[in-house]
Amino acid sequence: MRSLLSTVAVGLGAGLVASFAMNQFQALAAPALGQSGGNDDPATVKAADSVSHIVEGRPVTQKHRQLAGSAVHYGVGAALGAGYVAAAERWPETATGFGLPFGAMTMLLLDDLLVPAAGWGAWPEAEAKGNLYTLASHLVFAATVEGIRRGADALLTRD
């Protein structure tokens with residue numbers, strides 16, 4: 001069993017790498033599935049605006065919107081990675097299905113519930129291409145986190 005510090009470090013790193021992998025997947029898959037994104041700010045930018053309103057009393061400036069959205073995306077990804085790796089360390093059954101159930105749950109809880117409830121995006125519609133794109137994006141994220149977790153386990157438990 002890893003120390004708490006190494007578990008969190010593996011999880012944070014896995015979440016960051018998985019967030020990057022998710023971005024790369026989306027860049028490739030979006031055109032094929034007709035997901036242009038539209039003219040509206042992404043949910044990550046809207047979340048950054050909410051934090052900025054609390055901290056500074058105003059939205060993120062136009063100059064920093066893309067950076068703020070990326071910070072939210074990678075910050076949430078790192079936190080999810082740390083939480084998942086810690087859970088899988090404590091309860092190994094968490095990793096059943098190579099983390100794919102975790103990916104589906106993050107889609108349901110974050111994209112389908114939290115984002116619309118916070119006003120950062122629309123409630124999901126019964127639209128196959130959009131739902132497939134969102135689910136596949138989160139499965140890529142989760143499988144990447146689990147792959148890194150397993151790789152770290154193999155490296156850190158060598159004799």
Side-chain angles (χ1 to χ4, degrees), residues 1-38 41-52 60 63-116 118 120-121 124 129-159:
M1 187 174 243
R2 281 193 296 258
S3 71
L4 178 59
L5 181 60
S6 65
T7 297
V8 170
V10 167
L12 289 172
L16 291 171
V17 171
S19 295
F20 178 77
M22 182 180 190
N23 278 351
Q24 298 309 300
F25 169 80
Q26 289 175 336
L28 293 171
L33 293 172
Q35 303 299 307
S36 65
D41 280 331
T44 53
V45 172
K46 291 177 182 178
D49 272 341
S50 294
V51 172
S52 184
V60 175
K63 179 180 177 182
H64 297 103
R65 293 183 81 66
Q66 184 176 358
L67 178 62
S70 291
V72 168
H73 175 71
Y74 283 95
V76 169
L80 287 170
Y84 173 81
V85 170
E89 182 77 12
R90 176 68 176 93
W91 302 286
E93 59 275 9
T94 302
T96 299
F98 207 79
L100 298 182
F102 165 70
M105 288 302 294
T106 59
M107 180 196 90
L108 291 171
L109 294 174
L110 294 180
D111 284 24
D112 290 356
L113 292 174
L114 176 66
V115 166
W120 301 329
K129 282 186 180 179
N131 290 326
L132 175 62
Y133 171 77
T134 302
L135 177 61
S137 297
H138 286 87
L139 295 179
V140 166
F141 174 85
T144 303
V145 170
E146 177 58 18
I148 292 170
R149 185 191 74 80
R150 289 183 186 199
D153 275 350
L155 285 172
L156 296 174
T157 58
R158 281 187 187 172
D159 289 303

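Note that the structure is a prediction, hence the values are computed from the model and not measured. Values reported hereafter were calculated over all heavy atoms of this structure, with side chains retained and with hydrogens, waters and symmetry mates removed.
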*With a 4.5 Å limit on heavy-atom distance, are the side chains of T144 and V17 in contact?*
yes
*asked:* Please find the pair of heavy atoms, one from P116 and one from P124, that lie closest to each other, and give the distance.
replied: CG-CD, 4.3 Å
_Residue pair A87 / T94: nearest heavy atoms and the distance that separates them_ = O-OG1, 3.6 Å
*Verify, without hydrogens or angle tests, whether H73 (side chain) and T44 (backbone) share a donor-acceptor contact under 3.5 angstrom.*
no
*Roughly how far, to the nearest 0.5 Å, is CG of D49 from CZ of R65?*
4.0 Å
*asked:* Working to the nearest 0.5 angstrom, can you tell me the gap between I148 CD1 and R150 CZ?
replied: 13.0 Å
*So do the side chains of N23 and Y74 get within less than 4.5 Å of each other, counting heavy atoms only?*
yes
*Nearest heavy atoms of D153 and E89, plus distance in Å*: OD1-OE1, 4.4 Å
*To the nearest 0.5 angstrom, please state how far the CG atom of N131 sits from the CG atom of D111.*
10.0 Å
*What heavy-atom pair brings L139 and A104 nearest, and what distance separates the two atoms?*
CD2-N, 4.0 Å
*asked:* If you count every heavy atom of other residues, nucleotides or ligands that lies below 6.0 Å from Q26 atom CD, does the total exceed 12?
replied: yes
_Working to the nearest 0.5 angstrom, can you tell me the gap between T106 OG1 and H138 NE2?_
4.5 Å
*Kindly compute the distance separating CG (D41) from CH2 (W120), expressed to the nearest 0.5 Å.*
13.5 Å
*Point-to-point distance, once rounded to the nearest 0.5 Å, from CE of M105 to CG of L108*: 6.0 Å
Per-pair distances, 0.1 Å, donor-acceptor, side chain in residues 6-15, under 3.5 Å, sequence neighbours excluded:
residue, atom, partner, partner atom, Å
S6, OG, S3, N, 3.3
S6, OG, S3, O, 3.1
S6, OG, S3, OG, 3.1
T7, OG1, S3, O, 2.9

*Heavy-atom closest pair, residues Y84 and A95*: OH-CA, 3.3 Å
_Is it the case that atom CZ in F20 sees more than 12 heavy atoms from other parts of the structure closer than 6.0 Å?_
no
*State, with a plain yes or no, whether a side-chain heavy atom of V51 is found less than 4.5 Å away from one of V72.*
no
*May I ask you to decide if the ring planes of F141 and F102 are parallel, tilted or perpendicular, using 30° and 60° as cut-offs?*
tilted
